[in-house]
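Every chain is numbered from 1 and lettered A, B, ... according to where its sequence line falls, protein lines coming before strand lines.
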Protein chains: 2
Amino acid sequence: MVHEARADRASGGEPAAPQRTAGQRSARLPRDERRAQLLAAAQEVFVANGYHGAAMDEIAETAHVSKPVLYQHFPSKRELYLALLDSHLASLTDLMLGALSSTTDNDERVQAVMRAYYRFIASDDQAHRLVFESDLINDPDVSSRLETFNKTFADAVARVIAEDTKLPQLEAQLLGRGLAGMAQVSARYWLETDGNLDLDVASDLIYRLAWRGISRFPKES
Amino acid sequence: MVHEARADRASGGEPAAPQRTAGQRSARLPRDERRAQLLAAAQEVFVANGYHGAAMDEIAETAHVSKPVLYQHFPSKRELYLALLDSHLASLTDLMLGALSSTTDNDERVQAVMRAYYRFIASDDQAHRLVFESDLINDPDVSSRLETFNKTFADAVARVIAEDTKLPQLEAQLLGRGLAGMAQVSARYWLETDGNLDLDVASDLIYRLAWRGISRFPKES
DNA sequence: TCTGTATGCCGATCTTAATTTCCAAAAGGG
DNA sequence: CCCTTTTGGAAATTAAGATCGGCATACAGA
């Protein structure tokens with residue numbers, strides 16, 4: 001059951017239709033399109049199995065392509081993973097910073113950020129599994145990229161906090177990290193119990209929890 | 001440079017002293033002690049390299065023991081890891097539930113829980129890296145154990161929240177998960193920037209953030 | 001239309017690395 | 001002194017990442 005669909009190339013040169021039916025090896029593709037397709041296949045397999053659980057064999061198979069093709073586009077499994085991670089982190093960063101600059105009111109800012117976070121987690125490519133549940137965290141490149149993102153995000157939140165509470169940098173940053181963690185963890189939990197709670201209801205709940213916590217935060221208890 | 005410390009056995013049978021100097025292969029040990037020693041060595045290597053980065057070779061070497069000895073105590077690398085994970089999760093659960101039952105005042109409860117969390121993260125065996133930064137999360141056994149712990153903890157917090165706010169189960173649980181995430185993430189950040197902020201100061205900051213957020217949480221904004 | 005060239009693609013290996021096991025030697029108790 | 005238990009060197013096994021050489025296809029220019 002390995003070579004079930006190979007007759008197309010062996011049976012003469014008749015090019016017939018340029019597009020093949022699903023389940024076949026793909027026809028020749030321009031480099032860019034092939035690359036995009038490989039990334040999509042890798043995304044699927046990485047999300048389903050994690051980095052270590054994913055085999056290059058399976059990624060190639062998912063893309064209906066042989067392994068050498070994969071290696072013509074990405075020098076290694078690790079590079080392939082990093083390409084996906086970078087792409088997701090870039091778009092997530094855009095979402096976050098966009099939400100932060102969507103208003104000048106800090107209250108609304110927190111609400112917008114939380115909602116953006118939930119939207120990202122809910123996005124149907126399950127990018128969050130690659131980003132927040134990576135099993136390659138020990139790789140220095142992976143952890144440094146994640147740390148860069150977390151810092152960017154937490155610092156932005158910390159600025160809002162510092163502005164609203166006059167708390168010193170260091171402490172505002174700790175709170176920023178805490179709120180970032182709250183968003184991440186609660187959103188992932190919400191996703192698993194989806195159907196029970198609407199996205200906006202859930203993210204608003206967390207937003208109110210966060211905002212009540214930080215607004216006019218007292219320096220002494 | 002692989003077998004640098006192997007002269008003891010090759011150079012005649014002279015048993016000399018029953019205990020060896022450090023760096024040598026160990027003497028015979030009662031089964032329990034040997035097991036404990038192996039667990040300690042595994043803990044060290046797993047923490048330093050993650051599950052996938054850790055080699056049974058290195059664990060055996062760290063314990064000054066050969067690989068077959070390791071396999072006489074643990075049937076596989078995975079079982080060895082699970083034994084450690086179980087042990088850490090059990091003690092963490094104890095810490096949490098202990099903190100929750102240390103008082104009947106919800107305000108103080110939250111403070112005690114946060115402090116306990118920070119203490120666990122700060123514990124010098126770095127157990128938190130095995131628990132919260134595992135690169136074996138895709139293993140069903142690992143993730144189910146983690147989920148069990150998270151549920152236990154978040155449910156306990158959710159009970160406090162429900163009591164204080166009259167919020168429905170579902171929403172209280174979401175907030176519970178969020179606060180658990182806040183504790184985890186902020187504590188790990190705090191650990192990395194240690195020296196800048198005292199444990200009690202940091203955990204109190206987070207506790208106040210959490211308590212302000214949840215106490216008398218309004219059902220409508 | 002014919003031919004040369006560059007590009008895309010694949011089957012079949014190669015290689016490495018890490019877990020797991022085999023078997024003979026040593027240690028210690030009765 | 002023998003017999004059971006424990007130990008380690010070395011090797012078997014497996015699995016997965018990475019590669020080699022050749023074949024087919026599209027297309028440009030004559």
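Of the side-chain N and O atoms in A:Tyr71, one or more sit less than 4.0 angstrom from OP1 or OP2 of D:dA18. For A:Arg78, no side-chain nitrogen or oxygen approaches OP1 or OP2 of D:dG17 to under 4.0 Å.
For A:Arg31 and C:dT7, a side-chain-to-base donor-acceptor distance below 3.5 Å is absent, hydrogens and geometry of angles not being considered. Taking 3.5 Å as the limit, the base of C:dT20 and the side chain of B:Lys67 contain a donor-acceptor pair of atoms between them.
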Full working for side chain to side chain contact (heavy atoms under 4.5 Å, CB included) between A:His128 and A:Val47: CA-CA 9 Å; A:His128 70 104; A:Val47 158; over 6 Å; no
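Side-chain contact of B:His64 with B:Gln37: a donor-acceptor pair under 3.5 Å is absent, judged by distance alone.
Taking only side-chain atoms of A:Gln72, from C-beta outward, the nucleotide of C:dC9, D:dG17, C:dT20 with the closest atom is C:dC9. Closest to the A:Val69 side chain, of the nucleotides D:dG8, D:dG17, C:dC10, is C:dC10. Comparing C:dT20, D:dT7, D:dA18 against the side chain of B:Ser66 picks out D:dT7 as the nearest. For A:Arg28, counting side-chain heavy atoms from C-beta on, the closest listed nucleotide (D:dT25, D:dA18, D:dT19) is D:dT25. Of the candidates C:dT19, C:dC9, D:dC20, D:dC20 carries the atom nearest the A:Pro68 side chain, counting heavy atoms from C-beta on.
Protein atom CG of A:Asp57 is 15 Å distant from nucleotide atom P of C:dT13, rounded to whole Å. In this structure, the CD atom of A:Glu33 is 16 Å from the C1' atom of C:dC9, given to the nearest Å. If you measure from atom CZ of A:Arg34 to atom P of C:dC9, you get 4 Å, rounded to the nearest angstrom. Spacing between atom CG of A:Asn49 and atom P of D:dG17 amounts to 11 Å, rounded to whole angstrom units. One atom, NE2 of A:His73, and another, P of C:dC10, lie 10 Å apart when rounded to the nearest Å. Note: CG (B:Leu70) to P (C:dC22) measures 17 Å, nearest angstrom. Following rounding to the nearest Å, B:Ile59 (CD1) and C:dA18 (P) show an atom-to-atom distance of 12 Å. For the pair A:Met56 CE and D:dT19 C1', the interatomic distance rounds to 12 Å; values are reported in whole Å.
Aromatic ring orientation, B:Trp190 versus B:Tyr118: tilted (interplanar angle from 30° to 60°). In this structure, B:His52 and A:His52 have parallel ring planes: the angle between them is below the 30° cut-off, well short of the 60° mark.
Under the salt bridge (charged side-chain N to carboxylate O under 4.0 Å, His left out) criterion, the residue pairs touching residues 174-193 of chain A are A:Glu133-A:Arg188, A:Glu147-A:Arg177, with sequence neighbours excluded.
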